[in-house]
Number of protein chains: 2
Amino acid sequence: MSLEIPEVVINRLPVYARALTELQLRGESVVSSQALGELLDVTPAQIRKDLSYFGRFGKQGRGYNVNSLLSKLREILGIDRQWRLILVGVGRLGQAIAEYGGFGPQGFEIVAAFDANPALVGRTIGGAPVLEIDELERFLKTTRVDIGIVAVPAGDAQPVVDKLVAAGIRAILNYAPITAHVPRDVTIRHIDPVLAMQSMTFYIKRAEPGAK
Amino acid sequence: MSLEIPEVVINRLPVYARALTELQLRGESVVSSQALGELLDVTPAQIRKDLSYFGRFGKQGRGYNVNSLLSKLREILGIDRQWRLILVGVGRLGQAIAEYGGFGPQGFEIVAAFDANPALVGRTIGGAPVLEIDELERFLKTTRVDIGIVAVPAGDAQPVVDKLVAAGIRAILNYAPITAHVPRDVTIRHIDPVLAMQSMTFYIKRAEPGAK
DNA sequence: GCCTGTGAAGGATTTCACAGCC
DNA sequence: GGCTGTGAAATCCTTCACAGGC
């Protein structure tokens with residue numbers, strides 16, 4: 001059924017949802033694909049086409065009801081519920097992730113963190129207990145976890161990903177600077193600001209005086 | 001000339017460069033598009049086609065020389081040099097970015113940070129002085145800065161982006177959870193782990209028992 | 001025999017453009 | 001008159017498949 005919805009479409013839905021949340025906050029009740037597109041630098045046709053994969057949410061002549069479109073999107077994406085995360089790697093990066101306040105309000109709760117460094121074990125980070133990495137498997141056997149966050153050094157990342165996958169985790173957010181491999185039925189996203197930087201330099205290099 | 005190179009291609013080059021760096025470290029001297037593709041979950045044809053936009057770097061029957069392909073890519077991307085960054089926003093997120101050690105080794109140096117909070121001004125963060133946000137314009141007039149990092153709250157982000165653009169910055173890495181607008185000649189990338197999470201939940205939601 | 005570089009084919013995604021409805 | 005939903009067209013991107021060179 002919905003198997004053939006392009007991944008690019010899925011990746012845009014959260015952006016739409018975010019904008020609708022903002023509009024809701026501002027007290028707007030209706031928005032057209034035109035107006036939403038201007039907010040997001042997306043063509044109106046694209047928004048309408050994207051939404052049409054999931055149903056007919058708009059009213060001709062009016063546009064979309066902000067509240068109801070937002071709740072539809074939240075339901076489609078599954079962000080209308082609580083998700084349970086674990087964090088693997090409690091170094092500087094891992095600590096920043098745990099203490100970054102952005103996940104909680106969106107329904108993503110870090111229920112535990114894991115690290116190989118015994119000095120960290122027993123602490124609490126962002127409200128979650130830090131456990132010994134060897135406990136990972138046992139923990140996952142007894143506790144429901146939906147998503148794993150990987151924040152270990154590059155060299156350790158693939159084995160950690162493998163462990164998560166073996167334990168049944170089906171979604172991974174990887175902050176380690178490697179291309180991690182997962183089976184096709186596992187979803188993975190990579191966060192790497194260095195890669196983002198390195199693609200930007202291509203464009204600003206060209207704009208320099210003397211560039212070809 | 002090179003204006004028509006697809007952006008998707010540019011975005012993959014840093015990934016190739018990263019893998020080649022790893023191969024170099026391992027002491028490999030030659031790699032085929034096949035082997036590189038397996039490392040990166042990319043088809044060999046795609047790698048060859050991507051590279052063909054920029055020249056002919058391989059040898060039939062052998063593959064690519066790791067060192068020379070890597071330096072070509074570094075040159076193409078402009079990551080063969082030092083880039084000067086400023087960071088705007090020295091809250092928790094900004095501090096984590098400044099202290100994250102990943103930029104420096106890749107040639108990205110944060111030369112100054114800016115914040116509106118006077119309590120932070122005068123401090124040093126990740127080796128960079130924290131300056132008053134009002135000094136931003138003057139600072140950019142007297143100092144070369146290539147890329148701006150935006151790590152302010154959502155509501156402040158667009159005005160900060162506008163200031164950076166007005167001051168001549170042509171590349172922006174935005175960590176704020178908004179779709180920021182920039183003129184077409186400015187490059188912007190967004191880092192938002194929440195959006196990444198929210199697109200993954202779509203897929204794991206479907207895999208749940210009882211999901212349609 | 002192995003592997004690149006690349007036109008051509010195929011597939012995916014975006015945009016157009018308009019019928020239909022409010 | 002304004003705006004959605006959507007087939008069809010256009011564009012963009014990926015993959016194929018093979019000539020050519022090592």
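The shown structure was predicted, so the numbers you read here are calculated from the model rather than taken from an experiment. Just so it is clear: chains get the letters A, B, ... in the order the sequence lines come, proteins before strands, and each one is counted from 1. Excluded from the calculations below are hydrogen atoms, water molecules and symmetry mates; all remaining heavy atoms, backbone and side chain alike, are included.
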Test item: K163(A) side-chain N/O and E137(A) main-chain N/O as donor-acceptor pair under 3.5 Å: no
Identified side chain to side chain contact (heavy atoms under 4.5 Å, CB included) counterpart of H190(B) within the set N174(B), I178(B), V150(B): N174(B)
Interatomic distance, L51(A) CG vs dT15(C) C1' [rounded to whole Å]: 16 Å
Main-chain N/O of N67(A) paired to Q24(A) side chain as donor or acceptor, under 3.5 Å: no
Close approaches to DNA chain D from residues 56-71 of chain A, in residue order (heavy atom, under 4.0 Å): R56(A), F57(A), G58(A), K59(A), Q60(A), G61(A), R62(A), G63(A), Y64(A)
Test applied, side chain to side chain contact (heavy atoms under 4.5 Å, CB included); reference residue, F114(A); option that passes from V152(A), V160(A), L136(A): L136(A)
R12(B) CZ - dC12(D) C1' separation (whole Å): 12 Å
DNA chain C-proximal residues of residues 23-49 of chain B, any heavy atom under 4.0 Å: S32(B), S33(B), R48(B), K49(B)
Nucleotide dT4(C), atom C1' - distance to CZ of F54(B) in whole Å: 17 Å
Residues R81(A), E109(A): salt bridge by 4.0 Å N-O rule: no
Salt-bridge contact E22(B)-R18(B) (side-chain N to carboxylate O under 4.0 Å): no
Sidechain-backbone polar pair: T201(B) side chain, L77(A) backbone, donor-acceptor under 3.5 Å: yes
Length of the OH-P vector between Y53(A) and dT4(D), whole Å: 18 Å
Pair R144(A) + D146(A): basic N to acidic O under 4.0 Å: yes
Atom pair distance, as rounded to whole Å: CG in D50(B) and P in dG5(C): 12 Å
